[in-house]
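Below is one structure; the comments refer to it alone.
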Number of protein chains: 2
Amino acid sequence: MSGTISDTDVSVSLSEQIERGDLLATNCPSREVLKQLTSRWGVLVLIVLEKRMHRFSALRRAIGGVSERMLAQTLHSLEADGMVARVAFPVVPPHVEYSLTPLGREAAEKVRVLADWIELSLPRIGAHWTAAATTAKPAEQPAAAR
Amino acid sequence: MSGTISDTDVSVSLSEQIERGDLLATNCPSREVLKQLTSRWGVLVLIVLEKRMHRFSALRRAIGGVSERMLAQTLHSLEADGMVARVAFPVVPPHVEYSLTPLGREAAEKVRVLADWIELSLPRIGAHWTAAATTAKPAEQPAAAR
DNA sequence: CTTGATACTAACATTACTGTATGTACTTAC
DNA sequence: GTAAGTACATACAGTAATGTTAGTATCAAG
């Protein structure tokens, strides 16, 4: 965990690297953001929420295979990053609505482009698997000839 | 146990979902691809290799914080997916060149757009951290009482 | 009155991921 | 002869991610 950014508010020379956000730098906060946006469920949440607002359970049903815990945790992270807005109505059976913030919508757009490309290119990508593995999981391949 | 594919969408057959690649389906191979492309080091490798071909050590130096093991593993996965091309010269000190395949170049482009956006938007995103939490994560919101 | 739905949280177990250390086989440089 | 560089593989260990189960409170439907 790198919490160096807010500990000392007096940003000095170190912030040069940090301000512009350099993913190639070891301890840049952008790595954290990237990790959350590209996390297993983060991507899917962004994509689903981009279409329209969803309630917790609806979101869970829309995304195949998420556990409640993971969904809640993912939503929390995205909320903390300002990507997701959470609105809870104080009604008797809990009613909470999740939607994207403007920031989140920008992120979702980028993420969806990648996801769309993957879905579209899956046949081409899968062609490489059949050479080595038949199922669905790319396995280790013998090293190239020496 | 939940998460069977059938409760995701009844109007589309299983094979149809898989063929076209449905990320929202639980057991779709596209999930695997997404995981590798958006893995911690996968993203960075794609971005660096998009610029030009790199040798193993050069790649390692370009990406801050990768261990040899992780880099090798990441390259292997990307190679198995047909994103990265590996060319080894049978010379005395090992000489191996890694570059992107056409497929990999397409993927790298999408990934870089996301990465660029993050780097650019980092200040805006970071603003949310300082507001709620001093460290990085906890977003305790007194959402709705009762 | 029991079940199910809602939106979670906490504790615990398990799995996946990532890093460290070490070794290989050979060469160049000191 | 010792050290360093190249491009990895393997074994082991630690950390992080994820899943499972249980539980909260309330109300509607059966």
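In what follows, chains carry the letters A, B, and so on, assigned in the order in which the sequence lines appear, proteins first and then strands, with residues in each chain numbered from 1.
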Value in whole Å for how far the [atom2] atom of [N] lies from [atom1] of [X]:
X	N	atom1	atom2	answer
Arg31(B)	dT18(D)	CZ	P	12 Å
Leu59(B)	dT6(D)	CG	P	13 Å
Glu79(A)	dC8(C)	CD	C1'	13 Å
Ile63(A)	dT18(D)	CD1	P	13 Å
His95(A)	dA5(C)	NE2	C1'	14 Å
Glu32(B)	dA16(C)	CD	P	10 Å
Leu71(B)	dT18(C)	CG	C1'	13 Å
Met70(B)	dC8(D)	CE	C1'	13 Å

Please determine, for the side chain of [X], which listed nucleotide ([options]) has the closest atom?
X	options	value
Val96(B)	dG19(C), dG19(D), dC8(D)	dC8(D)
Arg55(A)	dT6(D), dT6(C), dT18(C)	dT6(C)
Glu68(A)	dC8(D), dT20(D), dT9(C)	dT9(C)
Arg40(B)	dA17(D), dG19(C), dC8(C)	dG19(C)
Phe56(B)	dC8(D), dT6(C), dG19(C)	dC8(D)
Ala72(B)	dT18(C), dA7(C), dC8(D)	dC8(D)

Looking at Glu97(B) and Arg52(B), is any side-chain nitrogen of the basic one under 4.0 Å from a carboxylate oxygen of the acidic one?
no
Any salt bridge linking Glu50(B) with Arg112(B)? Criterion: basic side-chain nitrogen under 4.0 Å from a carboxylate oxygen.
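Answer for the salt bridge query: yes.
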Under 4.0 Å from OP1 or OP2 of [N]: is there any side-chain N or O of [X] that close?
X	N	value
Arg86(B)	dC8(D)	yes
Arg69(B)	dA9(D)	no
Ser57(B)	dA7(D)	yes

Using every non-hydrogen atom in the two residues, find where Leu114(B) and Val111(A) come nearest and quote the distance to one decimal.
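It is CD1-CG2, 4.0 Å.
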Does any N or O in the side chain of Thr101(A) come within less than 3.5 Å of the main-chain N or O of Gly104(A), such that one atom is a donor and the other an acceptor?
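Checking the backbone N and O of Gly104(A) against the side chain of Thr101(A), a donor-acceptor pair under 3.5 Å is found.
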Would you sort out whether Leu78(B) and Leu100(B) count as a side chain to side chain contact (heavy atoms under 4.5 Å, CB included), showing the intermediate values?
CA-CA 9 Å; Leu78(B) 292 177; Leu100(B) 292 184; over 6 Å; no
If you assign Gln73(A) and Pro93(A) each to the DNA chain C nucleotide with the nearest heavy atom, which residue ends up on the more 5' nucleotide?
Pro93(A)
May I ask you to say what Phe89(B) touches in the nucleic acid, namely base, sugar-phosphate or nothing, with a heavy-atom cut-off under 4.0 Å?
nothing
